[in-house]
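First the proteins, then the strands, lettered A, B, ... as listed; each starts at 1.
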2 protein chains.
Amino acid sequence: MTKESNDASHWRDFENNPLSHSMAHYLMAIDSLRNEFGYARSTDVADMLGVSRGAASMALTQLKKRGWVGEDHNRFLLLTEEGVRIASMVEHNFIILSKFFEEVLGVRQDIAAGDACKMEHLMSNETGKRLLWLMQDLLSDEELAVRVRERMKEYGKGCNIANVDECPICHGAGECLVTAEAPDTH
Amino acid sequence: MTKESNDASHWRDFENNPLSHSMAHYLMAIDSLRNEFGYARSTDVADMLGVSRGAASMALTQLKKRGWVGEDHNRFLLLTEEGVRIASMVEHNFIILSKFFEEVLGVRQDIAAGDACKMEHLMSNETGKRLLWLMQDLLSDEELAVRVRERMKEYGKGCNIANVDECPICHGAGECLVTAEAPDTH
DNA sequence: AATAAATGTTTACCATGGTAAACAATATGA
DNA sequence: TCATATTGTTTACCATGGTAAACATTTATT
C-alpha cells in the first residue's frame, strides 16, 4: 500500500457533502416557521438562525437556485418537494441521534443535542434508517431493551475500564481514550 | 417562545467546533506516517491527504501555532502531547462509529466508513465513551448481543415499517423518512 | 399621497481551506 | 563543486458563509 492510497480519496467527502450544515438549517428554519406561523420570510429566517438579513438573503438565493426553496403566491418562502424531503431527513436524523445518545446511551441532554445537531446532516439515510430500526426495540419495554438500558446505567462517573488492554476496540494498541480525559477541544 | 429563542444560539457550534475536519486529518496523517515510516514531512502529509504542498505548508503552520504539531531534532513533523490526544480521540471515534454502523447496524462497509469519517471529529468524548461502553456488550457473544444482532438481521432490503404511523420517532406526524427513499443528496 | 418603518439586496470586507505557480531553500548525484 | 531534484513557502486566486453598512423596495400609517 502506498501512502497515497491510504486516505486521500475519501476524507474530503466531508466538504463535498451535497448538503452543508448551514443549508440544512436554512431549510429547517423555513419548515419550522411555516409550521408555527403559517409563513416564512427572509427576515424571519435570519432572526430564527441569528444571522444578518444579508446572509439570509444570499443563502436563500442559493437555495432557490438549487430548487429546494420557492415562494408561494404571497411571496412567502416555501420548501419545494425536494426541499421538504431534505429538511425532513435532517430533522429525522437529529431526533434519531439525540434520542439514541440521550435515552439509550444516557448522555446528558445538552451534550446529546449538541452532538446530534453537528452530525444530523452527515448521517446517510441507510445508517439513519437502520439506527431507527434498532431503536424501535431499544426504546420499548421489552426485555432486550430493558437489559441494554440497565447495562448503560452501569456506566458510572466515568468509563470503568481500568486497563487499556480491556478496550474491545483498540485492544491496548496505541493511545486509548477509554481512560483518557476529554481534551479541551470537545 | 419567541422564534429567536428556538435555534439561533447552538446550530453554529458546528462551525465553531474547536477541531475542524481538515485539522483532524492533518493530525492523523502525521500520526499514521510516523507509525508507518518513522517520520513525516510536509510533502508526505500533502501526498497522503491528496492536497498541494502549499496547502499542507499553511495548515501545518496553523497546527504548530496551536501547539498540536512540532518538529523533532531532524525537523521531521511530530505531534505534541496535546496533538496525540486529539488525533487519538478522533481515530478512536472513527473506529467506534464505523464498527457500530457496520457490525451492529449492518450498514455496508463503505457507507459505514464514510459516515464515520464525516462524524468522527464531531462526537464528544462523553458520547464516544458511552457508545464504546455499549459496544463492549453488543460485540460480544453474550445473549444480549446476539439478540440485538439477530434483530438487525431482520432489517431487510429496506425498512419494513409499512405505515408511517408505526414510526416510533415521529408517530406519523409530518414527513417521515421511515418509508422514504434516500434523496440524491446522500 | 406623503412619510416612516420594515423588509430585502448589494457591496466591501472577514476567515477557513483549497489550487496553481513562482520562488526559496535543501539535498543529492555526476 | 556544480547542476539538478526535491522539498518547503509565498503569492494571487477560488468558493463557502459569515458581518456591517449602504441602498432599494415594499408595506403601513397618518
Side-chain angles (χ1 to χ4, degrees), chain A residues 3-4 7-27 29-30 33 37 39-66 68-78 118 121-122 185, chain B residues 3-4 7-27 29-30 33 37 39-66 68-78 118 121-122 185:
Chain A
K3 15 182 190 178
E4 289 75 17
D7 196 15
S9 37
H10 290 302
W11 73 277
R12 287 172 74 182
D13 290 350
F14 179 82
E15 66 199 72
N16 297 127
N17 206 50
L19 179 65
S20 71
H21 181 76
S22 175
M23 293 297 105
H25 278 269
Y26 279 98
L27 296 179
I30 294 170
L33 286 164
F37 303 104
Y39 65 91
R41 294 167 310 167
S42 187
T43 298
D44 304 319
V45 171
D47 286 347
M48 171 167 263
L49 295 181
V51 298
S52 67
R53 281 177 297 147
S57 174
M58 290 184 294
L60 291 165
T61 299
Q62 276 309 112
L63 290 172
K64 285 170 187 165
K65 276 190 194 146
R66 292 193 205 182
W68 296 344
V69 168
E71 290 179 357
D72 66 17
H73 52 91
N74 285 318
R75 296 183 170 219
F76 290 136
L77 295 166
L78 199 64
K118 291 175 186 175
H121 68 299
L122 298 167
T185 54
Chain B
K3 14 182 191 179
E4 289 75 18
D7 196 15
S9 37
H10 290 303
W11 73 277
R12 287 172 75 182
D13 290 351
F14 179 82
E15 66 199 73
N16 297 128
N17 206 49
L19 179 65
S20 72
H21 181 76
S22 175
M23 293 297 106
H25 278 269
Y26 278 98
L27 296 179
I30 294 170
L33 285 164
F37 303 104
Y39 66 91
R41 295 167 309 168
S42 187
T43 298
D44 304 319
V45 171
D47 287 347
M48 171 168 264
L49 296 181
V51 298
S52 67
R53 281 177 295 146
S57 175
M58 290 184 295
L60 290 165
T61 300
Q62 276 309 111
L63 290 172
K64 284 170 188 167
K65 277 190 193 144
R66 291 193 206 183
W68 296 343
V69 167
E71 290 179 358
D72 65 17
H73 51 91
N74 285 317
R75 296 184 168 223
F76 290 135
L77 295 166
L78 199 63
K118 291 174 185 173
H121 67 299
L122 299 168
T185 52

Exercise for the section: With sequence neighbours left out, write down each residue that passes salt bridge (charged side-chain N to carboxylate O under 4.0 Å, His left out) with A:Asp72, or none if nothing qualifies. Expected result: A:Arg34

I need the [atom1]-[atom2] distance between [X] and [N], as an integer number of Å.
X: A:Leu77; N: C:dT9; atom1: CG; atom2: P; answer: 9 Å
X: B:Lys64; N: D:dG8; atom1: NZ; atom2: C1'; answer: 9 Å
X: B:Arg75; N: D:dT6; atom1: CZ; atom2: C1'; answer: 16 Å
X: B:Arg41; N: D:dA5; atom1: CZ; atom2: P; answer: 17 Å
X: A:Met48; N: C:dT7; atom1: CE; atom2: C1'; answer: 18 Å
X: B:Asp44; N: C:dA27; atom1: CG; atom2: C1'; answer: 15 Å
X: A:Asp47; N: C:dA6; atom1: CG; atom2: C1'; answer: 12 Å

Practice task
Return no unless some side-chain N or O of A:Ser42 is found under 4.0 Å from OP1 or OP2 of C:dT7.
Solution key: no

Exercise for the section: Return no unless some side-chain N or O of A:Thr43 is found under 4.0 Å from OP1 or OP2 of C:dT7. Expected result: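 No, no such contact exists.
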
Practice task
Check whether any side-chain N or O of B:His21 sits under 3.5 Å from a backbone N or O of A:Trp11 as a donor-acceptor pair, and report yes or no.
Solution key: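 Yes; at least one donor-acceptor contact below 3.5 Å.
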
Problem - B:His25 ring center near A:Phe14 ring center (under 6.0 Å) - result: no

Exercise for the section: Side-chain contact test, heavy atoms from C-beta onward, threshold under 4.5 Å: evaluate it for A:Asn74 versus A:Tyr39 and give yes or no. Expected result: no

Handout entry: By side chain to side chain donor-acceptor pair (under 3.5 Å) - contacts of B:Glu71 (at least two apart)
Key =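 For B:Glu71, the residues satisfying side chain to side chain donor-acceptor pair (under 3.5 Å) (neighbours in sequence not counted) are B:Lys64.
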
Fill in the blank from the handout: Given protein heavy atoms under 4.0 Å, the one-letter contact record of nucleotides 11-25 of chain D, with B base, S sugar-phosphate only and - none, is simply B-----SSB------

Completion exercise
With A:Asp44 as partner, the option from A:Ile30, A:Leu49, A:Leu33 fulfilling side-chain contact (heavy atoms from CB on, under 4.5 Å) is A:Leu33

